[in-house]
Amino acid sequence: MPKYNRPQPPVFERVEDERLHRKQRLAAAFRLFGKFGFSEGTAGHITARDPEFTDHFWVNPFGMYFGHIRVSDLILVNTEGDVVKGDAAVNRAAFTIHSQLHEARPDIVAAAHAHSVYGKAWSSLGRLLDPLTQDSCSFYEDHALFDDYTGVVLDTSEGKRLAEHLGNKKAIILKNHGILTVGHTVDEAAWWYITLERSCQAQLLAEAAGRPHIIKHETARLAQTQVGSHASGWFSFQPLYERIVREEPDLLD
């Protein structure tokens, strides 16, 4: 069988270049989330760990529409929840959730959470997704369920419990709340969110239409290794990044 070479995530010699790259990807992810209709008022946040100050993260300004966010709008938040770069406020829920995720998972660079329609609808069922399609196999045995909704997450202890339930997985369904994904790159975390949302939609549609056929365990596990790797998540985001930068180049400002 022939081998296919495909691009890999870039490696940087200067931390300044890596920081800019992460911020550009982060702004692009917000624009895409806005275009795909994932925004819901002031809810939702994507974070990117700073490559130099690794206990700090970049995040969207509280109350700013996803589809308007530029690189220059992003704010940097420290471990105390203080904004140390930028002049906007941080969403308190963003800090309490993401600070604990980044602390518990030093391997992750980014985490994404929004109140998108199908993720919310699926979360109300309090179930993990079934391996119904090749795309949903990305999450086979690699997503968790947090089934104890207690209101808006405003306390770090609640964020810590969420991180514990996530464990070493790439995604978590927050019962009666929505979905959340993480990744070794901003690109990966954003892609997992997009395809998890669509997988929720696909299963809701399939179950509404009839009784879907579930992919057998051995095949689903194999497919997970083929489409659910860190490299696959990163690569799947690249066409979307190219699209949004071409359509809305001001996001790089």
Would you confirm whether Q100, through its side chain, and L162, through its main-chain N or O, come within 3.5 Å as a donor-acceptor pair?
no
So the ring pair (Phe, Tyr, Trp, His ring centres under 6.0 Å) pairs with at least one residue in residues 220-253 (sequence neighbours excluded) are H184-H230
Give the ring-plane orientation class for F38 versus F33, where under 30° counts as parallel, over 60° as perpendicular and anything between as tilted.
perpendicular
Are R19 and E16 ion-paired here, with the side-chain N under 4.0 Å from a carboxylate O?
no
Results of ring-ring contact (aromatic ring centres under 6.0 Å, His included) for F62 - residues two or more places apart only
none
Atom pair CD1 (I97) and CD1 (I172), whose distance is rounded to the nearest 0.5 Å
10.0 Å
Hey, are the side chains of V59 and I75 touching, using non-hydrogen atoms and a 4.5 Å cut-off?
yes
Look up atom NZ in K169 and atom CG in L180, then write down how far apart they are to the nearest 0.5 Å.
14.5 Å
For the backbone of I46 and the side chain of Y193, can you confirm whether one donor and one acceptor N or O come within less than 3.5 Å of each other?
no
Interatomic spacing from CG in L26 to OG1 in T47 - rounded to 0.5 Å:
8.0 Å
Selection residues 216-236 - residue pairs positive for salt bridge (charged side-chain N to carboxylate O under 4.0 Å, His left out), sequence neighbours left out:
E141-R221
Taking every heavy atom of F95 against every heavy atom of E80, the minimum-distance pair comes out as CZ-C, 3.7 Å
Looking at L76, V186, V77, which hits side chain to side chain contact (heavy atoms under 4.5 Å, CB included) with W58?
L76
Steps toward side chain to side chain contact (heavy atoms under 4.5 Å, CB included) verdict (T195, T181)
CA-CA 10 Å; T195 195; T181 58; over 6 Å; no
Is the shortest heavy-atom distance from the side chain of Q238 to the side chain of P7 under 4.5 Å?
no
Check side chain to side chain contact (heavy atoms under 4.5 Å, CB included) between H21 and all other residues, then give those that pass, not counting sequence neighbours.
P10, F12, R25
With S236 via side chain to side chain contact (heavy atoms under 4.5 Å, CB included) - residues at least two apart
W191
Taking the six-membered ring for Trp, are F139 and H143 parallel (under 30°), tilted (30 to 60°) or perpendicular (over 60°)?
perpendicular
Interatomic distance, CG@L251 vs NE2@H68, rounded to 0.5 Å, equals 12.5 Å
Identify the heavy atoms of D135 and S199 that sit nearest to each other, and give their distance.
C-OG, 4.1 Å
Locate the shortest heavy-atom distance separating G183 from A189; write the atom from each residue and the value.
N-CB, 3.6 Å
If you draw a 6.0 Å radius around CG in D253, do more than 12 non-hydrogen atoms from other residues or ligands fall strictly inside?
yes
When you compare the side chain of I173 with that of L145, does any pair of heavy atoms fall below 4.5 Å?
yes
Sequence-distant partners of S138, side chain to side chain contact (heavy atoms under 4.5 Å, CB included), two or more places apart
W192, V227
Find out whether S99 and T79 are in side-chain contact, i.e. whether some heavy atom of one side chain is under 4.5 Å from a heavy atom of the other.
no
Can you measure from CG (L74) to CD (Q24) and round to the nearest 0.5 angstrom?
10.5 Å
For the pair S136 (side chain) and L132 (backbone), establish whether a donor and an acceptor sit closer than 3.5 Å, ignoring hydrogens and angles.
yes
Tell me, do I179 and E197 make a side-chain contact under 4.5 Å, heavy atoms counted?
yes
Using a strict 4.0 Å threshold on nitrogen-to-oxygen distance, state whether K160 and E164 make a salt bridge.
no
Would you check if the side chain of D82 reaches a backbone N or O of V84 as a donor-acceptor pair within less than 3.5 Å?
no
When you measure from the side chain of N60 to the backbone N and O of G44, does any donor-acceptor pair fall under 3.5 Å?
yes
Salt bridge (Lys or Arg N to Asp or Glu O under 4.0 Å) involving R70 - partner list, sequence neighbours excluded
D73
Can you name the residues that form a salt bridge (Lys or Arg N to Asp or Glu O under 4.0 Å) with K120, not counting sequence neighbours?
E40
Hey, are the side chains of Q224 and D142 touching, using non-hydrogen atoms and a 4.5 Å cut-off?
yes
How many angstroms lie between atom CG of L32 and atom CG of L240, to the nearest 0.5 angstrom?
5.5 Å
Pairs flagged by ring pair (Phe, Tyr, Trp, His ring centres under 6.0 Å) wherever residues 105-124 is involved - sequence neighbours left out:
H45-H113, H113-H115, H113-H177, H115-H177
Residues in ring-ring contact (aromatic ring centres under 6.0 Å, His included) contact with F57, at least two apart in sequence or another chain:
H102
For D107, enumerate each residue passing the salt bridge (Lys or Arg N to Asp or Glu O under 4.0 Å) test, keeping only those at least two apart in sequence or located in another chain.
R105
Under the salt bridge (charged side-chain N to carboxylate O under 4.0 Å, His left out) rule, what do E18 and R22 come out as? Steps first, then yes or no, please.
CA-CA 6 Å; E18 186 169 11; R22 291 185 184 183; 2.9 Å; yes
Is it the case that more than 12 heavy atoms not belonging to E13 sit under 6.0 Å from its CD atom?
no
Taking the side chain as everything from C-beta on, heavy atoms only, tell me whether K35 gets closer than 4.5 Å to R243.
yes
Any side-chain to backbone donor/acceptor pair from S232 onto G228? Under 3.5 Å, distance only.
no
Does some side-chain heavy atom of D148 sit less than 4.5 Å from a side-chain heavy atom of H165?
no
Nearest heavy-atom contact between A111 and V182 is CB-CG1, 3.9 Å
Under the salt bridge (charged side-chain N to carboxylate O under 4.0 Å, His left out) definition, can you give me all pairs with a residue in residues 201-214, not counting sequence neighbours?
R127-E207
